[in-house]
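Worksheet: the structure to be examined is printed underneath.
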Amino acid sequence: MPAPGTTALLLRRTATAVATSALLLGTAAVVPAQAAKPTPAFHPELDYAGSTVAAHEGRGAGAPIAALAATQTPGMDVSGWQGNVAWSTARANGARFAYVKATEGTGYTNPYFAQQYNGSYNAGMIRGAYHFALPDKSSGATQANYFVDHGGGWSKDGKTLPPALDIEYNPYGATCYGLSQSSMVSWIRSFSNTVHTRTGRYPVIYTTTNWWQTCTGNNSSFGATNPLWVARYASSVGTLPAGWSYQTIWQYADSGTFPGDQNYFNGAFDRVQALANG
């Protein structure tokens with residue numbers, strides 16, 4: 001049996017040896033009780049329009065979609081999560097438009113963007129690109145420029161929708177990304193104005209009513225310039241964010257007939273064409 005104090009001495013010597021070895025190897029010794037708290041990993045391939053919605057707002061109980069006043073045109077949105085998409089099949093099943101994730105923050109581009117963006121176009125669909133916003137990482141203008149430089153442009157060819165801003169619950173932390181409501185409004189306006197300057201179009205804004213109320217104070221100043229793409233997984237679109245009297249696009253489910261999320265454009269196909277043409 002070790003003499004009194006021998007065990008403690010051996011433990012201290014072992015700890016010292018570990019720390020010394022770590023220094024020699026260029027690494028830091030970790031003391032479990034003092035280890036830093038882990039931070040969420042950067043996972044942009046898992047972030048897409050609606051990736052945070054069900055966790056925060058839930059899904060409807062599968063009730064049929066309520067009748068809407070205008071004819072609705074079916075569409076979809078996809079990201080790197082879907083990989084290569086069978087666009088001819090999606091179109092044969094009724095999809096007439098698509099939004100494709102292009103970028104996130106200023107450090108991620110969708111590796112499947114070309115296949116998805118060009119493939120939907122070649123299949124005869126009207127398509128557009130969207131940006132997943134990280135407002136705590138850089139300014140709205142900085143992210144807008146990154147977006148436009150990496151697929152978020154627009155051309156008046158009749159088959160390209162305006163660029164879109166996906167602004168929703170933070171997948172990495174605080175719901176509103178640590179921004180005050182006024183700062184969030186300023187960030188969105190900076191992004192929107194920069195996209196407008198670069199492309200000639202104000203971006204479509206993708207969000208949920210609850211997030212918009214919480215993080216912008218239900219700001220009503222974008223309704224006059226930016227089309228609304230609202231997410232709500234229920235049988236009706238429900239209350240809209242302030243400033244918009246109707247939605248242009250409703251993302252009503254995150255799975256269904258088409259790959260990716262399921263959407264309705266609030267109007268017949270010629271209205272989709274009109275939005276594309278500006």
If hydrophobic clusters are built by linking Ile, Leu, Val, Met, Phe, Trp and Tyr wherever their side-chain heavy atoms come under 4.5 Å apart, do Val272 and Tyr246 end up in the same one?
no
Hydrophobic clustering (ILVMFWY, side-chain heavy atoms < 4.5 Å, transitive) - are Tyr117 and Tyr112 grouped together?
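Per the 4.5 Å side-chain linkage, Tyr112 and Tyr117 are not co-clustered.
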Is there a donor-acceptor pair closer than 3.5 Å between any side-chain N or O of [X] and the backbone N or O of [Y]?
X: Trp244; Y: Asn226; value: yes
X: Gln82; Y: Ser79; value: yes
X: Ser186; Y: Ser182; value: yes
X: Asp157; Y: Thr160; value: yes
X: Arg201; Y: Val195; value: no
X: Lys159; Y: Tyr121; value: yes
X: Thr214; Y: Asn210; value: yes

Lys/Arg cation over aromatic Phe265: Arg96, 6.0 Å, 45° cone
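Output no; distance or angle outside limits.
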Between [X] and [Y], what is the shortest heavy-atom contact and its length?
X: Trp212; Y: Asn219; value: NE1-O, 2.9 Å
X: Tyr146; Y: Thr106; value: CE1-O, 3.3 Å
X: Leu161; Y: Trp154; value: O-CD1, 3.5 Å
X: Pro203; Y: Pro227; value: O-CD, 4.0 Å
X: Thr216; Y: Gln181; value: C-CB, 3.9 Å
X: Met184; Y: Pro135; value: SD-CG, 4.1 Å

Using side-chain heavy atoms (C-beta onward) and a distance below 4.5 Å, is Val85 in contact with Ser120?
no
Any non-hydrogen side-chain atom of Asn266 less than 4.5 Å from a side-chain atom of Thr248?
no
In Å and rounded to the nearest 0.5 Å, what is the [atom1] to [atom2] distance from [X] to [Y]?
X: Cys215; Y: Asn170; atom1: SG; atom2: CG; result: 9.0 Å
X: Phe147; Y: Asp149; atom1: CZ; atom2: CG; result: 11.0 Å
X: Ile167; Y: Tyr177; atom1: CD1; atom2: OH; result: 5.5 Å
X: Ile126; Y: Asn277; atom1: CD1; atom2: CG; result: 8.0 Å

Taking atom types as modelled, is there a side-chain donor on [X] or [Y] under 3.5 Å from an acceptor on the other?
X: Arg189; Y: Ser221; value: yes
X: Thr207; Y: Trp211; value: no
X: Arg232; Y: Thr208; value: no
X: Thr197; Y: Thr194; value: no
X: Ser138; Y: Gln143; value: yes
X: Gln251; Y: Tyr206; value: yes
X: Asp254; Y: Gln262; value: no

Please confirm whether [X] and [Y] have ring centers closer than 6.0 angstrom.
X: His43; Y: Tyr172; result: yes
X: Trp229; Y: Tyr99; result: yes
X: Phe191; Y: His131; result: yes
X: Tyr264; Y: Tyr252; result: yes

Look at Asp77 together with Lys101 and state whether they make a salt bridge at an N to O cut-off of under 4.0 Å.
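Between Lys101 and Asp77 there is no salt bridge, as every charged N stays at least 4.0 Å from the carboxylate O atoms.
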Using the ring of each side chain (for Trp, its six-membered ring), is Tyr202 parallel, tilted or perpendicular to His196, with breaks at 30° and 60°?
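Correct class here is parallel.
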